[in-house]
Amino acid sequence: MTDAAVGPARARGEEMVQLLDATGARREHPGYDVHLEPDEALDVLRELVLLRRLDAEAEALQRQGQLGLWAGSRGQEAAQVGAARALRRQDHVFPSYRDHGFLLARGVDPLHVLSLFRGVDHGGWDPVAHGVHPYTLVIAAQMLPAVGYAMGVQRDGAVGTGDPGRDTAVLVCFGDGATSQGEAAEALNWAAVYNAPVVFLCQNNQWAISEPVRQQSPVPLHRRAEGAGMPGVRVDGNDVLAVLAVVRAAAERARSGGGPTFVEAYTYRMGAHTTADDPTRYRDAAEVDAWRERDPIDRFRTHLRALGVLDDAAERAIQQEADAFAERLRAGVPQMPDPHPASMFEHAYAEPHPQVLAERDEFLAAWARHEQDEQLGSTVGGDR
Amino acid sequence: MTDAAVGPARARGEEMVQLLDATGARREHPGYDVHLEPDEALDVLRELVLLRRLDAEAEALQRQGQLGLWAGSRGQEAAQVGAARALRRQDHVFPSYRDHGFLLARGVDPLHVLSLFRGVDHGGWDPVAHGVHPYTLVIAAQMLPAVGYAMGVQRDGAVGTGDPGRDTAVLVCFGDGATSQGEAAEALNWAAVYNAPVVFLCQNNQWAISEPVRQQSPVPLHRRAEGAGMPGVRVDGNDVLAVLAVVRAAAERARSGGGPTFVEAYTYRMGAHTTADDPTRYRDAAEVDAWRERDPIDRFRTHLRALGVLDDAAERAIQQEADAFAERLRAGVPQMPDPHPASMFEHAYAEPHPQVLAERDEFLAAWARHEQDEQLGSTVGGDR
Amino acid sequence: MERTPIAKAINAGLRAAMERDPRVLLMGEDIGRLGGVFRVTDGLQKDFGEHRVLDTPLAEAGIVGTALGMALRGYRPVCEIQFNGFVYPAFSQIVTQLAKLRARSRGRLSVPVVIRMPAGGGIGSVEHHSESPEVLFAHTAGLRVVYPSTAHDAYWMVQQSIASADPVLFLEPERRYWEKGDVDTSLAPGQVAPLHRARVLRPGSDATLVAYGPTVKLALDAAAEAAREGTELEVVDLRSISPLDVDTVAESVRRTGRLVVVQEAPVFHGAGAEVAARIQESCFYSLEAPVKRVGGYHLPYPAARVEEHYLPTVDRVLDAVEQALAA
Amino acid sequence: MERTPIAKAINAGLRAAMERDPRVLLMGEDIGRLGGVFRVTDGLQKDFGEHRVLDTPLAEAGIVGTALGMALRGYRPVCEIQFNGFVYPAFSQIVTQLAKLRARSRGRLSVPVVIRMPAGGGIGSVEHHSESPEVLFAHTAGLRVVYPSTAHDAYWMVQQSIASADPVLFLEPERRYWEKGDVDTSLAPGQVAPLHRARVLRPGSDATLVAYGPTVKLALDAAAEAAREGTELEVVDLRSISPLDVDTVAESVRRTGRLVVVQEAPVFHGAGAEVAARIQESCFYSLEAPVKRVGGYHLPYPAARVEEHYLPTVDRVLDAVEQALAA
Ligand SMILES: Cc1ncc(C[n+]2csc(CCOP(=O)(O)OP(=O)(O)O)c2C)c(N)n1
Ligand SMILES: Cc1ncc(C[n+]2csc(CCOP(=O)(O)OP(=O)(O)O)c2C)c(N)n1
Ligand SMILES: [Mg+2]
Ligand SMILES: [Mg+2]
């Protein structure tokens, strides 16, 4: 397939930034370029492969009843890995709920992501240490907080100083469906009004559960940016180099005080919305097949092969790492202990709260009384 | 003043449609034209004058304690009268709270507007008979209902039939401040997605209470339209001919099935936000003076004089009508009876509601017990 | 009709309403092609077309706000909110417009919009999918709030809600969607129980259990368990949170002298408080023990692997009954 | 400090907090140049600059959502919602993010945001300016909800709210803004009453009146009136709706045996229901009459010229007291 999916967009005059075409051939772009050293290029491939593996393992774990649910990122690896690589340590990410690529890239233990989908917690990572906010499940609700965080960055004087270790960008992820929410529009507007250092990364994966993107908007999504007064760019979200280049420029603009940018990564959700979803009810296999030919990992792999950067040994090393990674997930998830029931009383409030304390005591008393009858976790598909 | 206020806009490449310049001279515009017969032209002037008189009388009535509050439309008369005249009988208007010009134009008794500001009711007119929704005080909250109404119009087959008595447009009014609300963005998007027959009329009066429009948005407001996928036009809101022409085109487009249009009427709130407001705390007299030179009524009057349509006799006739109109307001408002206290129980629900009935009975019993102590309306600055 | 799961009973109720009245429309996210994430609207878009079953943009304020506008034009929209935690973007439209427009217009405008929403927990889901926000709507005057617990009620109450000239919040007990019950579709309108009437589901003389939505089954289970130990609990299904049929509850409490209210929502400032406040007033001299409440804790809904400890259980209900009986 | 109106006491409290901690920021519509529509923030932008007192775009979700983000970055934003009826666009941010983020992150994230909001009626205003939505927030776990009734409390409680690591809804009784009271600004932090402690404002032995926010003055007026007829009412100011200091109320009711709760919000599913439900439980054997509630009716807030009939009055409070005493 030679970029049929890009066709209609181009027909509407909607050019999208590409540095690798669907066949893996390198393209020039007047506005964007990127150069990766061989090591770094292999590391990008490694991240893409691990992310896909996370998806495969998590799906399997869900089928085995080890996870309650899984929201996969298959097809969107380049968008996530490319964008994450454009960030600096001090930058902060506000992900949606399928942005696992950002978490891997920022050093979060994937078991801390899987714990959410197991139902053990709402995400086990430390948001401050990793610079990644908890997953937000309410569509678009992470966007205004991201802008506020960026306004805090401005107040800290961490924008436009020229110090590469200090100037800070905030990247917020959201989907095509999210652009319909009023809060999304408010977030764009606030960022523009306050010139906040934000990169709005919309992963347009063509679907919001069963609704195609045309049901959300009659205009290409990055054009929302015009109405808000900021630049909007559409990038081929299955081209990791292009995503890296475009997000890097946007993040640099943010850090230097240039203000917000809207980046639409044009990609595709290859799998179901979540494991609870059945996409055969609403989309054609042909569409999925067409996008399979634009696979972001194959494309990058072809490119690296052509460059001579990737050889069989390197490929094997990556696959071995992926196998070990998978093994760790398969071993780790079933061993995750259920939280102690009374732990739910712990973090509702920071300061002592008589109502919560009284209810906890009541709970503990009742629990002690009935402990014998209680089968911890018995209603949640479990391993114990 | 020779259109200094238009200057900066033009400098940003933001042309605005004008058919009368600030001196009252007729201008040509490549996209828009309008022709009024002398009678109609005088009728437009009459409406402008009555609307301004409503404002003056209401302000005075508020000072005398006859109204609890008044939200004036002074300075915005051309935007309202011009737009209202672009509508047909079957069209439907969703006003904000200072759109008194639409109510007069659609045959609503102004006493039914003043009753709201007196605190007697939430607006006394019949929304169905006049095709004007109740005033909405929650900023932007009328916009989605307007779009829904228009979707109903579509389902009724009252769009694009070519029957001028049937095809229906919906016009929704909102301010510059309202454009910041998420619901405003959702409304634009829905209208675009469903191609609903809506005219979005934004009266950009430069202020949202104490906040200048630049605090709402870094881009000219009509450019919001681009992000939503519909045409956006800025029109000189103090030029009644231009507003009529632009809104007429937009309404025609809506009725014919062409979809929504965003019209920004660039105007100025000459008075306080409401009688509870003190604009000297936040804006310069010089700004107000500059806009006074662009007065929408003077401008139209000059034009009609130049055309020879308006002479002293016609002017006198209009002034006499305005005096009689004013007299009626001054006489009518103080005579408005307070509602019966138990009337509050009447329309909370359409169908019988045991809770409401029980509370009404309780209320009536207590009221009967204490009637001697109760001074009806004693806490509301009153006339009795 | 044979034994039907609640989800299918609602589907059948919607279908019946749509067949009866061409002004009935459905609006929501993923309700058309997909038939809803719980399949409650399955097949309806296919049969009634995209003009009457609208897959909308992902915006809850948009769904409710435009539904309101369609209602003004004479339509009868039924909105689906995909999960209870996602109703809040629509809160301003619901509370400031939908609830108040009739009063605002002194009865000149009617906005007969139904908002359907799966509610309650126990499905092992992630955040925002398991909450019970009914009291937030019940406190808001101008709305009606109902919550069927059986397939029969689900079938009829959704039709009654659509027929109501007032806006109705229609909560659906999501963990009961696939539980089956008998639905008598043959009733004439006059034979159907009034929308806001509570119902005694099991008679008993020792204490009254009041429940609604998903806790009705729990209350029945508790009553069955208690019966094994010789205690006869009367179970009342509230069915409606606003208005509340306090009379039916009071009539029961006057006989039993004891009351336990069971809800999934946090007890604190929840609907059970209103029941308790009214019953202690109307049954002051009949109550032999204070009204007890059993429900969720004053906590954000916890992760799935602890939710069974958060939600009321038969044990907790019976503990409360025991305390009431001991008083 | 001399006798100060409540609005100025809040202003002084905000100023003190801003002087003490540079991370304290104010955000809202018209709070800067104008000083707020009630002038509560008068002069603060002039003195602390536009960076710390932000006139924001007209979007309540925006205000709360960005405040939350700033709090994540270490700031302590105080948001003003211009009127109670306009808080709903922010409801989703408040209920799904602000209230839950600490629990979601297992205590790793703190979002110490204060949301200030004038509430209650009686000012002769148009729609949406006079409502009492406190229970909607009180039912939501993760939030704290306080409502001072005096200038002294307003001054201190706003500072305590800002100092709290939890998000706080801070309601201000708008019809009392210009009523004066003594403010003791000289207290050391340890001397100030705890934020969530109820306070007995007037001792009495015949019955207890519980009130909060704008109804505290009403309760005191009713008690004064009752005293003229020889009835001694104890008046308790709740001060906090979440958490509720039930102990202080119970202690009083155990002595008086009778309780009337007075609120402006609709009684139905309002905060008084929780007070009644808890007191009938904890004071079952002391209560000599059912708990009575006096408040707004289950109606959309009516037009200004009828609001005095909608709101609780001294007469209605005394009627309820009389009924309680007669039981
Ligand atoms: C406010 C809100 N409404 C509805 C939902 C239910 N829901 C979860 S995911 C989803 C679709 C989101 O689509 P998109 O934004 O494109 O993100 P994607 O899942 O494709 O990554 C919906 C409707 C939600 N989570 N939040
Ligand atoms: C949701 C909401 N927030 C705040 C307010 C308070 N308020 C009333 S009018 C107003 C300014 C509106 O400005 P704009 O939209 O420009 O309309 P204008 O008054 O200039 O006609 C504000 C903030 C409100 N009515 N609704
Ligand atoms: Mg998507
Ligand atoms: Mg304005």
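Quick note: numbers below take in every heavy atom, side chains included, and nothing from hydrogens, waters or symmetry partners. Just so you know, these numbers come straight off a predicted model, no measurement behind them. In what follows, every chain begins at residue 1, and chains take the letters A, B, ... in the order their sequences are listed.
- Residue Ile63(D) touches chain A through both its backbone and its side chain, counting heavy-atom pairs closer than 4.5 Å.
- Closest heavy-atom contact between Ala163(D) and Glu351(A): O-OE2, 4.2 Å.
- The shortest non-hydrogen separation linking Ser242(D) to His353(A) is OG-NE2, 4.3 Å.
- Most heavy-atom pairs under 4.5 Å with chain D: of the set Ala348(A), Ala196(A), Gly152(A), this distinction falls to Gly152(A).
- Pairing each heavy atom of Arg106(D) with each of Asp121(A), the nearest pair is CD-CB, 4.5 Å.
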Handout entry: Lys100(D) and His122(A): CA distance, side-chain angles, deciding distance, side-chain contact (heavy atoms from CB on, under 4.5 Å) verdict
Key = CA-CA 11 Å; Lys100(D) 296 186 171 56; His122(A) 304 310; over 6 Å; no

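- Of the two parts of Asp156(A), the backbone and the side chain both hold a non-hydrogen atom closer than 4.5 Å to a non-hydrogen atom of chain D.
- Per-residue counts of heavy-atom pairs under 4.5 Å with chain A were compared for Asp245(D), Thr56(D), Thr96(D), Leu25(D); the largest is that of Thr56(D).
- Within the model, atoms CD of Glu186(A) and CD of Gln93(D) stand 9.0 Å from one another, a figure rounded to the nearest 0.5 Å.
- Other residues, nucleotides and ligands place no more than 12 heavy atoms under 6.0 Å from the CD atom of Glu50(D).
- For a residue to count as touching a neighbouring chain, one of its non-hydrogen atoms must lie under 4.5 Å from one of that chain's; by this rule Val153(A) touches chain D with backbone and side chain alike.
- Interface remark: Ser343(A) contributes backbone and side-chain atoms alike to the contact with chain D (heavy atom separation under 4.5 Å).
- Across all their heavy atoms, Trp190(A) and Met27(D) have their closest contact at CZ3-CE, 4.0 Å.
- Minimum heavy-atom separation, Met70(D) to Gly148(A): CG-O, 3.2 Å.
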- Query: Given the rule in the side-chain contact (heavy atoms from CB on, under 4.5 Å) test, do Leu101(D) and His133(A) qualify, once you have shown the distances and angles that lead to the verdict?
  - Reply: CA-CA 10 Å; Leu101(D) 207 43; His133(A) 195 69; 3.6 Å; yes

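- With a threshold of 4.5 angstrom between heavy atoms, Phe94(A) approaches chain D through side-chain atoms but not through N, CA, C or O.
- Residue Ala158(A) touches chain D through its side chain alone, counting heavy-atom pairs closer than 4.5 Å.
- Between Met151(A) and Leu54(D) there is a side-chain heavy-atom pair separated by less than 4.5 Å.
- When Ala129(A), Gly124(A), Gly123(A) are compared by the number of non-hydrogen pairs under 4.5 Å with chain D, Gly124(A) comes out ahead.
- Contacts between Leu72(D) and chain A at a heavy-atom distance below 4.5 Å involve backbone atoms as well as side-chain atoms.
- The closest side-chain donor-acceptor pair between Gln142(A) and Gln97(D), if any, does not fall under 3.5 angstrom.
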side-chain contact (heavy atoms from CB on, under 4.5 Å) for Val128(A) and Leu109(D)? Distances and angles first, verdict last.
CA-CA 8 Å; Val128(A) 179; Leu109(D) 297 179; 3.9 Å; yes

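- Taking the side chain as every heavy atom from C-beta outward, Arg155(A) and Tyr75(D) approach each other to under 4.5 Å.
- Both the backbone and the side chain of Ala165(D) come within contact range of chain A, with heavy atoms under 4.5 Å apart.
- Only the side chain of Glu183(A) comes within less than 4.5 Å of a heavy atom of chain D; its backbone N, CA, C and O stay farther away.
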Set out, in order, the CA-CA distance, both residues' side-chain angles and the distance that settles side-chain contact (heavy atoms from CB on, under 4.5 Å) for Arg144(D) and Tyr349(A), then state yes or no.
CA-CA 9 Å; Arg144(D) 295 171 182 270; Tyr349(A) 292 91; 3.8 Å; yes

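- Of the listed residues Pro89(D), Gly62(D), Ala61(D), Ser92(D), the one with more heavy-atom pairs under 4.5 angstrom with chain A than any other is Gly62(D).
- Interface remark: Ala146(A) contributes no atoms to any contact with chain D (heavy atom separation under 4.5 Å).
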